[in-house]
Amino acid sequence: MDLKFKILKKDKDTLARVGEFRTPHGVVETPVFMAVGTQATVKTLTKEDLETIGSQVILGNTYHLWNQPGNEIVKEAGGLHKFMNWDRTILTDSGGFQVFSLAKLRDIKEEGVTFKHHKSGKKLFLSPEIATKIQNDLGSDIMMAFDECPPYPATYEYMKNSVERTIRWAKRCKDAHENEDTQALFGIVQGGEYLDLRKHCAEELVKLDFDGYSIGGLSVGEPKEIQNEVLTHTTPLLPEDKPRYLMGVGSPGMILDAVERGVDMFDCVLPTRIARHGSAMTTRGRVIIKNKEFERDFSPLDENCDCYTCKNYTRAYLRHLFKADEILGYKLLSIHNVSFLVNLTTNIRLAIKEDRFLEYKEKVYRDYGLNEKDKDF
RNA sequence: GGUGGGGUAGCGAAGUGGCUAAACGCGGUGGACUGUAAAUCCACUCUCUCCGAGUUCGGUGGUUCGAAUCCACUCCCCACCA
């Protein structure tokens, strides 16, 4: 499905751009940060929470929903939107990341990937055709081609084989796609740190004419310099008139660096995961809320934030919730962290529109109190 | 008063002659987390000048090359019986 991506404004200094695309569930303004809701839930957050935060898009996961509750049940429920009560845009990952994250439990072959389910021990087979069928059943607005997210580091030879297979798989996904009028399909550029493989992969995928292009296989342990180098060389190879999606990136600094290099979409479990683990992203850096220094800190988590959590609760209270193992803490930090990244992308759009993107980027870096070499960026 | 059980690091609790500064859990203090096998995981948590050394297992005194572990006395706690 053509997302009718439109560029509304280009930055004067960089490849950053403000754009918008349209799905059956609304208009999405880019750059956008998308919260991850693997199992048909952004952990701890309700639809209302996400709407208040301003989430335009959330993710679901093919592999996990296939296993539980099963794509047929979701289809019977009327699709993923109805099933989980989310009427804005949904993007589904294909299971390609599970080829990476469940590496110990799977075996890759040309035909597809065999997994041993981590709970049931059941043998599962996922292929480009099956992953596409599942996503057709789920009814997401944007589907991902089934790929291999390769590990870092990987040898050139390994990566070359992997990339070639991912390209063949991308073609198979495109051929298997049955709802071309309602669901967009993105190809995923792989190639690790090898720029010639990235180039080759991008060119081959572009020939297949996808509705958008993802950059995958980053944020898997490689240094930030490599991420930026790969982006610098890869985004220019992707069509300007299609959305570009950097998968799995959610640190504020990397989002800014990627927007600068022409990326439009981001997703990451980081805000929700670290929230449940007691950390918050704030305009002045990361805060580990359990730390003793916040015991008597009756100020908001982030004085520059207007999210529900920051408007209503203090650091001392949030610390108390975590020390006392109270579940409200997970929710309040999740609300804040997702808000933080959604607000960041909103501010990025504004800055680009006002021709001050680089200035804004530098301010965020400066306020965070970190420099570009820090891992948090 | 009698009989039995027990006193181990902040708490709970292993350990009954050397491999024990003492398992493990909790608590405490730091840290990690990036297309979610994650309300998870890691480190430290007697003292010091932290390589290394010094003091510990209710108290005191013994036995022994060596004791949290064995013996004697003693002080507390619990249960049951009077």
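Letters A, B, ... mirror the listed sequences (proteins, then strands); counts begin at 1.
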Run the side-chain donor-acceptor check on residues 116-124 of chain A: report pairs under 3.5 Å with partners two or more places apart or on a different chain.
from     : atom 1 : to       : atom 2 : distance (Å)
A:Ser120 : OG     : A:Lys122 : N      : 3.1

Give the minimum heavy-atom separation between A:Asp257 and A:Lys224, together with the two atoms involved.
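So the two residues come closest at OD2-NZ, 2.7 Å.
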If we call it a pair only when both distances are under 3.5 Å in a Watson-Crick or G-U wobble match, what pairs with [N]?
N     : result
B:A53 : B:U47
B:A21 : none
B:U16 : none
B:U3  : B:A79
B:C41 : B:G31

So which of residues 291-305 of chain A are in contact with RNA chain B, with a heavy-atom cut-off of under 4.0 Å?
A:Asn291, A:Lys292
Which residues in residues 315-349 of chain A have at least one heavy atom lying under 4.0 Å from any atom of RNA chain B?
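Those residues whose heavy atoms fall under 4.0 Å from RNA chain B, taken from residues 315-349 of chain A in numerical order, are A:Arg319, A:Lys323, A:Ile327, A:Tyr330.
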Identify whether a stacking contact exists between A:His277 and B:U40, where the ring centres must be under 5.5 Å apart and the planes under 30° apart.
yes
Distance check: side-chain N/O of [X] vs OP1/OP2 of [N], anything under 4.0 Å?
X        : N     : result
A:Ser251 : B:U34 : no
A:Thr38  : B:U36 : yes
A:Gln98  : B:G35 : no

Say you pick atom [atom1] in [N] and the same atom in [M]; how far apart are they, in whole Å?
N     : M     : atom1 : answer
B:A14 : B:A32 : C1'   : 31 Å
B:G52 : B:G58 : C1'   : 31 Å
B:G15 : B:U8  : C1'   : 9 Å
B:A67 : B:U56 : P     : 11 Å
B:U40 : B:U47 : P     : 28 Å
B:A53 : B:A21 : C1'   : 13 Å
B:C46 : B:G25 : P     : 15 Å
B:C24 : B:U49 : C1'   : 33 Å

Pick base, sugar-phosphate or nothing for [X], based on heavy-atom distances below 4.0 Å to the nucleic acid.
X        : answer
A:Ser214 : nothing
A:His117 : nothing
A:Ile188 : base
A:Gly217 : base
A:Ser279 : base
A:Leu91  : nothing

Please report the distance, rounded to the nearest Å, between [atom1] in [X] and [atom2] in [N].
X        : N     : atom1 : atom2 : result
A:Phe97  : B:U34 : CZ    : P     : 7 Å
A:Met34  : B:U36 : CE    : P     : 11 Å
A:Tyr63  : B:A37 : OH    : P     : 9 Å
A:Lys104 : B:A38 : NZ    : P     : 12 Å
A:Leu124 : B:A37 : CG    : C1'   : 13 Å
A:Met143 : B:G35 : CE    : C1'   : 15 Å
A:Leu246 : B:G35 : CG    : P     : 11 Å
A:Phe100 : B:U34 : CZ    : P     : 8 Å

Students often mix this up, so state it plainly: with edges at 30° and 60°, are the rings of A:Tyr317 and A:His320 parallel, tilted or perpendicular?
tilted
Which listed nucleotide (B:A37, B:U36, B:G35) is nearest to the side chain of A:Lys43?
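Nearest listed nucleotide: B:U36.
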Select one nucleotide: of B:G35, B:C33, B:A37, the one nearest the side-chain heavy atoms of A:Ile274.
B:C33
Considering residues at least two apart in sequence or located in another chain, which fulfil the side chain to side chain donor-acceptor pair (under 3.5 Å) criterion with A:Thr234?
none
SB check A:Glu111 A:Lys109 (cutoff 4.0 Å)
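Between A:Lys109 and A:Glu111 there is no salt bridge, as every charged N stays at least 4.0 Å from the carboxylate O atoms.
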Side-chain ion pair, A:Lys199 and A:Glu203, N-O less than 4.0 Å:
yes
Walking RNA chain B from its 5' end, the first of A:Arg276 and A:Asp267 to be reached, judged by nearest nucleotide, is A:Asp267
Could you give all pairs that pass the side chain to side chain donor-acceptor pair (under 3.5 Å) test and reach residues 263-273 of chain A, with sequence neighbours left out?
A:Arg17-A:Asp264, A:Tyr245-A:Asp267
Sequence neighbours excluded - side chain to side chain donor-acceptor pair (under 3.5 Å) pairs with any residue from residues 51-63 of chain A:
A:Lys47-A:Glu51, A:Asn61-A:Gln98
Is there a side-chain contact between A:Thr89 and A:Met34 (heavy atoms, below 4.5 Å)?
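A side-chain contact under 4.5 Å is absent here.
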On a plain distance test, is the side chain of A:Asp147 in donor-acceptor contact with the base of B:G35 below 3.5 Å?
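Side chain to base: pair present.
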Go through the structure and list residues passing salt bridge (charged side-chain N to carboxylate O under 4.0 Å, His left out) with A:Asp137, not counting sequence neighbours.
A:Lys75, A:Lys133
Who pairs with A:Phe125 by ring pair (Phe, Tyr, Trp, His ring centres under 6.0 Å), at least two apart in sequence or on another chain?
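A:Phe125 satisfies ring pair (Phe, Tyr, Trp, His ring centres under 6.0 Å) with no residue once adjacent residues are dropped.
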Considering residues at least two apart in sequence or located in another chain, which fulfil the ring pair (Phe, Tyr, Trp, His ring centres under 6.0 Å) criterion with A:Phe322?
A:Tyr330
May I have all residue pairs that pass ring pair (Phe, Tyr, Trp, His ring centres under 6.0 Å) and include part of residues 337-364 of chain A, sequence neighbours excluded?
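Listed once each, the pairs would be none.
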Tell me which pairs pass ring pair (Phe, Tyr, Trp, His ring centres under 6.0 Å) where either residue lies in residues 71-113 of chain A, with sequence neighbours left out.
A:His25-A:His81, A:Phe97-A:Phe100
Just the table, please: protein N/O against nucleotides 41-45 of chain B N/O, every pair under 3.5 Å.
none

Could you walk me through whether A:Phe146 and A:Ile130 pass side chain to side chain contact (heavy atoms under 4.5 Å, CB included), step by step?
CA-CA 9 Å; A:Phe146 185 58; A:Ile130 296 170; over 6 Å; no
